[in-house]
**Q** 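Please find one structure pasted underneath; my questions will follow.
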Amino acid sequence: MYGADVEQIAIQLNEDPQKLADFEARIARGEKIEPGDWMPAEYRRQLIRMISQHAHSEVVGMLPEGAWITKAPSLRRKLILLAKVQDEAGHGQYLYHAAETLGATREEMLDALLEGKAKYSSIFNYHTTTWADNGAIGWLVDGAAILNQTMLARCSYGPYSRAMVRICMEENFHRKQGQEMIILYSQGTPTQRAMVQDAITRWWWPTLMMFGPHDADSPNSGVLIRWGIKTRTNDELRQDFINQLVPDLQACGIVLPDPDLHYDEATGNWRTGAIDWDEFWAVLKGNGPANAERMAARRQAHADGYWVREAAAAYAVKNQNQ
Amino acid sequence: MERARQYALSGYLIALADDELILGHRDSEWTGHAPILEEDIAFANLALDEIGHAKLWYELGADLLGQDKTTYPDRLVYFREPAQFRNMQLVELPKGDWAFSTLRQYLFDAFEALRLEALSQSSYTPLAEIAARIRTEELYHLRHSQAWVPRLGLGTEESHARMQAALDALWPYAQGLAAPLPGEQDLHAAGIVPSSAALFERWSGEVSQFLVEAGLQVELRSPLADMHRSSHSEHLPALIHDLQSVARLDPEAIW
């Protein structure tokens, strides 16, 4: 459908062909689409879906690392981790605002998350079982997120693009602290080296899955690329990540959990073995190791905070009336 | 400064740092669990500042003891036993509900504002400089925690009841603010630190009035029998165990 010409698409989406053609021409010229501008309903729908998923990922993403703030093994690490998790809350906030510019409300988006209708990144449904997992999340998970977000910083929707520029700058700091931790521990004591190897072994495959299904199995990719929301495919981004990370992790003496991993001289790419997509879909459908806990924690915080939000609203009304 | 006084001042500063560290620890427990996203950000920020301030005081304490300021603060945090911590009990109590945490923060911030104002006039310049620096951040904390007190005290019936319950639970512990810090008497006589009892008088008046305006009843209740900073509740050992759990997995490692 989305390789088709604009008139056919206008018919299928029930949009005005001229407006749609003008819209696509703007994107082709590299212009940003802004909140008040005309846009196809499907563009709006896809953006709300993506931006709110992204916001939810930041908010749920606070939990796996947040659990280690009180245990961070030095004051320096503690301050770094606190700042990092605080940044994630901040990113969630920008992104909810970006989605609000499209007409979604934060309440609707949060309800969709709490009712299990909205998705968030499947990576946060894995447990953080040792301190070194925070390093692995920084270097691998945030590193993978940066590749995706650097692409989104060029996306056609202005508010999302600008939020991504700012978020990427902070995410780079997150990645660096994780990389620094993993490199240091990989040269550290036997306890630290074992901890790092174990963390990378557990996080490697789930991180590769973060880029999403293979292009052939990615239902939304076509329209997202046509309208400049995505400019690169899942597989392209995943390959960049693998090429970046494999040599660096191997230089640390870390063994990646993939016997089929090899360098392909012809293309200059590192090739991995097959990704276990059954695991990916299972986690996405709610059956990952920590899905239930993550959602329970969010629902608990929301329920525990009900009286606080109610009081703040009541107080604001009383103050207005005075 | 003579040796004995340096030693006394380091003990005072470490106690001050312990308060900040432990309160920051409790604040950080809200990260990811606050009632609204903006408060996840705010409480993580409070925790960052409190722990950052603890670090500054530990470093000055280390300096006074002739210790390495880059490594000694972590030795103090990660390798003391719970009984060696000198924080007041008010800060070690579990975070409770949102009313408990915000009210504790307010009671502590209001006292700290007074203490920092006095410390920024200290005759010991390195101390005065750090106090002045911390004070600017603490004023934001006070503004934030102060905003929550009337909001919850006067918001709804439920929020009022929760605030009153929090105040009733916290008030006896807050009396511990009047207790002198280690070495305080001599340091106060030398113009280096203020008298906690004198600050407490001012605090008590200001805070009581503010709480009453927020619809809360301040009852004169007897303070805890033992307000000395070497005495702790059962909550501290559990907190310290959590705090030190990774560092002690491998005490020789650089984390």
Side-chain angles (χ1 to χ4, degrees), chain A residues 55 58-79 81-90 92-93 96 106 110 130-132 181 184-185 188-192 195 297-298 300-302 304-316 318-319, chain B residues 21 24-45 47-48 51-52 54-55 58 70-71 73-74 76-78 97-99 102 148 150-163 239 242-250 252-255:
Chain A
E58 298 283 355
V59 169
V60 178
M62 295 169 77
L63 297 170
E65 290 168 286
W68 289 89
I69 292 171
T70 60
K71 300 169 174 48
S74 73
L75 287 172
R76 175 172 165 266
R77 295 274 179 220
K78 192 185 284 287
L79 293 171
L81 186 59
L82 255 169
K84 178 178 193 292
V85 181
Q86 187 197 22
D87 283 349
E88 284 156 10
Q93 196 192 24
Y96 284 125
R106 200 195 292 187
L110 281 179
T130 77
W131 167 252
M181 194 193 294
L184 181 75
Y185 295 177
T189 65
T191 310
Q192 289 175 312
M195 210 185 241
R298 285 313 314 155
Q300 184 77 46
H302 194 74
D304 289 350
Y306 178 76
W307 70 269
V308 179
R309 295 188 297 275
E310 194 186 45
Y315 183 72
K318 280 180 196 170
N319 259 14
Chain B
L21 174 78
H25 183 104
R26 289 304 188 202
D27 288 343
S28 79
E29 291 174 334
W30 281 104
T31 312
H33 307 279
I36 46 171
L37 189 54
E38 282 68 14
E39 286 299 323
D40 282 301
I41 298 172
F43 255 65
N45 203 58
L48 256 178
I51 296 167
K55 188 162 172 275
Y58 286 132
T70 60
T71 55
D74 279 343
L76 288 171
V77 172
Y78 293 97
D97 66 2
W98 189 248
T102 51
W148 275 104
R151 204 177 276 155
L152 298 179
L154 302 169
T156 61
E157 214 172 298
E158 180 177 3
S159 71
H160 171 82
R162 284 176 181 265
M163 276 302 258
L239 183 154
D242 183 47
L243 171 75
Q244 298 178 338
S245 57
V246 177
R248 289 198 180 208
L249 284 177
D250 193 341
E252 300 310 314
I254 295 166
W255 290 100

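So you know, we letter chains A, B, ... as the sequences are listed, proteins then strands, and number each from 1. These numbers come from a predicted model, not from an experiment.
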**Q** Check this for me: does any side-chain nitrogen of one of B:Arg162 and A:Glu310 sit under 4.0 Å from a carboxylate oxygen of the other?
**A**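 Judged by the 4.0 Å cut-off on N to carboxylate O distance, B:Arg162 and A:Glu310 do not form a salt bridge.
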
**Q** For chain A, which candidate among B:Ile254, B:Ile36, B:Leu239 shows the most heavy-atom pairs at distances under 4.5 Å?
**A**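 Heavy-atom pairs under 4.5 Å are most numerous for B:Ile254.
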
**Q** Non-hydrogen atoms of chain A under 4.5 Å away: do they reach the side chain of B:Ala99, the backbone, both or neither?
**A** both

**Q** Determine, step by step, whether A:Lys78 and B:Leu243 satisfy the side-chain contact (heavy atoms from CB on, under 4.5 Å) criterion, reporting the C-alpha distance in whole Å, the side-chain angles of both residues, the deciding distance to 0.1 Å, and the verdict.
**A** CA-CA 10 Å; A:Lys78 192 185 284 287; B:Leu243 171 75; 3.4 Å; yes

**Q** For the interface with chain B, which of A:Thr191, A:Thr189, A:Leu75 has the highest count of heavy-atom pairs at distances below 4.5 Å?
**A**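 It is A:Leu75.
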
**Q** Where the side chain of A:Arg309 meets the backbone of B:Pro35, is there a donor-acceptor pair that is under 3.5 Å apart?
**A**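 Yes, the answer is positive, given that a donor and an acceptor are paired below the 3.5 Å cut-off.
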
**Q** I want to check something: taking the side chain as every heavy atom from C-beta on, are B:Glu39 and A:Val308 in contact at a cut-off of under 4.5 Å?
**A** no

**Q** Once you round to the nearest 0.5 Å, how far does NZ of A:Lys318 lie from CG of B:Leu154?
**A**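 Here the interatomic distance stands at 6.5 Å.
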
**Q** Quick check for you: among A:Ala83, A:Gly66, A:Ala297, which has the greatest number of heavy-atom pairs under 4.5 Å with chain B?
**A**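 Most heavy-atom pairs under 4.5 Å with chain B: A:Ala83.
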
**Q** Among B:His33, B:Glu252, B:Glu157, B:His160, which residue forms the greatest number of heavy-atom pairs with chain A at distances under 4.5 Å?
**A** B:His33

**Q** Of all residues at least two apart in sequence or in a different chain, which pass the side chain to side chain contact (heavy atoms under 4.5 Å, CB included) check with A:Pro73?
**A**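 Only A:Arg77, A:Trp131, A:Tyr185, B:Val246, B:Ala247, B:Trp255 meet the side chain to side chain contact (heavy atoms under 4.5 Å, CB included) criterion with A:Pro73.
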
**Q** So do the side chains of B:Leu249 and A:Met195 get within less than 4.5 Å of each other, counting heavy atoms only?
**A**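 Yes; the side chains approach each other to less than 4.5 Å.
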
**Q** Just so I know, are the side chains of B:Trp98 and A:Asp304 near enough to count as touching, which here means a heavy-atom distance under 4.5 Å?
**A**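 No, their side chains stay 4.5 Å or more apart.
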
**Q** Give the intermediate values and the outcome of side-chain contact (heavy atoms from CB on, under 4.5 Å) for residues B:Thr31 and A:Gln86.
**A** CA-CA 8 Å; B:Thr31 312; A:Gln86 187 197 22; over 6 Å; no

**Q** Please check this pair: side chain of B:Tyr78 against backbone of A:Ser74, looking for a donor-acceptor N/O pair closer than 3.5 Å.
**A** yes

**Q** Under a 4.5 Å heavy-atom cut-off, does chain B meet the side chain of A:Val59, its backbone, both or neither?
**A** side chain

